[in-house]
Amino acid sequence: MKIRKAVIPVAGLGTRFLPASKAIPKEMLTIVDRPTIQYIVEEVVASGIDQVILITSEGKSAIENHFDYNFHLDRALTEKKKTRLAEEMRHISNLIDVVSVRQKKPLGLGHAIWMARNVVGNEPFLVLLGDDLVLSEKPCCKQMIDLFNEVQESIVAVQQVPMEQTYQYGIVEGKNIKERVIKIDRMVEKPAPGTTMSDMAIIGRYILQPDIFDILEKTTPGHGGEIQLTDALLALSNKRGMYAYEFDGTRFDAGDKIGYLKAIIAFALRHPDICEDFSDYLKEMAGQL
Ligand code: G1P
């Protein structure tokens with residue numbers, strides 16, 4: 001079955017970015033010249049998806065506005081003969097069909113995904129977490145869709161992390177069945193140090209069979225007292241099998257201060273308008289260290 005829909009939870013408070021995220025959603029923080037959420041939506045579009053389902057909360061309407069058509073801005077830019085900018089703004093509003101669903105209580109990532117059940121319906125779908133930006137030749141989601149077309153079961157994107165950081169992630173254990181593909185045996189959300197031998201961490205990209213919704217409905221609070229997606233994934237994996245995919249690309253944790261700054265540098269060095277000047281500046285700075 002074709003993957004047509006992508007769920008993007010954006011309801012979180014963004015406490016790691018306070019005070020910047022006090023009055024604007026952290027998903028609207030800028031990397032070079034666009035908000036982080038736009039990179040995520042562009043990955044979805046480049047992967048051939050038809051619809052984005054945002055799981056939002058109070059104070060997140062700037063995200064919806066960003067992907068909407070802004071009549072006043074369009075008129076002002078056109079009057080000022082800023083045609084290229086006006087076109088670019090229209091392009092953003094035409095990127096993809098965007099639907100939003102409110103998560104009324106912050107009950108966890110698993111609960112946020114469950115909120116999408118009526119819009120997703122009975123078909124496999126993508127989930128992307130807004131903190132994880134991936135730079136790659138072929139979009140990470142497209143790589144996963146290609147694998148899904150072969151295996152027809154749920155897939156989580158994974159990346160090797162230093163053993164001492166495993167407690168920050170969902171961790172998968174399993175057997176390599178071919179290059180980059182692991183058949184999952186066990187999964188645990190943020191394992192206490194020393195409780196797993198695996199260093200394969202889940203990164204925020206998932207393809208899920210719709211059975212996940214019934215499982216999430218029955219999932220009780222786990223790590224941190226929240227309904228954890230990873231707990232429901234383990235139940236889904238036990239029910240019908242699941243794969244972990246070591247994607248090809250570089251991942252940035254844009255939800256963390258250092259990760260965010262690294263992302264800005266990496267994306268700036270690829271931006272056609274500024275890459276040369278910025279690269280010269282970095283070299284100059286490096287010489288001063
Ligand atoms: C979430 C998931 C976790 C995953 C991580 C990737 O955690 O619960 O399994 O490894 O994203 O970024 P969070 O970072 O939201 O605490």
Side-chain angles (χ1 to χ4, degrees), residues 6-18 21 25-27 29 36-37 39-40 43 54-57 60 103 106-116 126-136 140-141 144 154-174 182 184 186-193 195-196 198-208 212 215-216 219-237 242-247 249-260 262-263:
V7 176
I8 309 179
V10 295
L13 277 177
T15 46
R16 285 191 288 176
F17 269 104
L18 284 170
S21 56
K26 68 164 179 180
E27 293 80 6
L29 295 179
T36 57
I37 187 72
Y39 292 94
I40 300 282
E43 179 183 332
L54 298 173
I55 311 298
T56 67
S57 61
K60 298 282 181 161
Q103 183 190 20
L107 298 179
L109 177 61
H111 179 260
I113 303 306
W114 182 72
M115 292 303 301
L126 262 166
V127 173
L128 293 93
L129 305 188
D131 284 345
D132 289 312
L133 296 181
V134 180
L135 255 181
S136 54
C140 180
C141 287
M144 294 172 75
S154 303
I155 301 167
V156 295
V158 292
Q159 175 184 276
Q160 219 168 3
V161 295
M163 212 55 203
E164 63 275 13
Q165 289 175 16
T166 50
Y167 76 93
Q168 299 173 8
Y169 295 93
I171 297 294
V172 307
E173 294 172 5
I182 298 165
I184 294 176
R186 202 172 83 95
M187 255 176 283
V188 51
E189 181 67 14
K190 307 204 169 75
T195 57
T196 179
S198 168
D199 58 1
M200 280 296 169
I202 302 177
I203 299 308
R205 301 287 183 277
Y206 312 76
I207 290 180
L208 302 177
I212 195 74
I215 297 173
L216 281 169
T219 302
T220 50
H223 184 88
E226 296 188 342
I227 298 173
Q228 293 292 348
L229 178 61
T230 308
D231 295 344
L233 292 179
L234 179 60
L236 180 62
S237 163
M242 190 178 294
Y243 298 87
Y245 173 67
E246 270 185 88
F247 61 94
T250 310
R251 170 251 181 182
F252 298 92
D253 180 3
D256 166 83
K257 290 182 186 69
I258 289 280
Y260 176 67
K262 287 181 184 172

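Start at 1 and go down the list; that is how both ligands and their atoms are numbered. All residue numbers refer to positions in the sequence shown, counting from 1.
T230 places no side-chain N or O within 3.5 Å of a backbone atom of G170 that could act as its donor or acceptor partner. A donor-acceptor pair under 3.5 Å is absent between the side-chain atoms of S237 and the main chain of L233, judged by distance alone. The backbone N or O of R16 lies less than 3.5 Å from a partner atom in the side chain of K257, making a donor-acceptor pair.
Closest protein heavy atom to atom 1 (C) of ligand 1: L129 CD1, 3.8 Å. Of all protein heavy atoms, the one lying nearest to atom 12 (O) of ligand 1 is D132 OD2, 2.8 Å. Here the protein heavy atom with the shortest distance to atom 8 (O) of ligand 1 is E189 OE2, 2.7 Å.
If you run side-chain contact (heavy atoms from CB on, under 4.5 Å) between I40 and each of D131, I8, D132, V134, only I8 comes through. S198 pairs in a side-chain contact (heavy atoms from CB on, under 4.5 Å) with only one of the listed residues (T166, I171, V158), which is I171.
Ligand-side atoms of ligand 1 in range of T230: 9 (O), range being under 4.0 angstrom from any heavy atom. Atoms of ligand 1 lying under 4.0 Å from at least one heavy atom of G170, given by number and element, are 3 (C), 4 (C), 9 (O), 10 (O). Taking a cut-off of under 4.0 Å to the non-hydrogen atoms of I202, the atoms of ligand 1 that pass are 4 (C), 5 (C), 6 (C), 10 (O).
Ligand 1 lies within reach of R251, whose nearest heavy atom is under 4.0 Å from it. Between L229 and ligand 1 there is no heavy-atom distance shorter than 4.0 Å. Residue contact annotation: K190 has a non-hydrogen atom under 4.0 Å from ligand 1.
A heavy-atom distance below 4.5 Å is found between the side chains of I202 and M187.
Dense packing is recorded around CG of L18, with more than 12 heavy atoms of other residues, nucleotides or ligands lying under 6.0 Å away.
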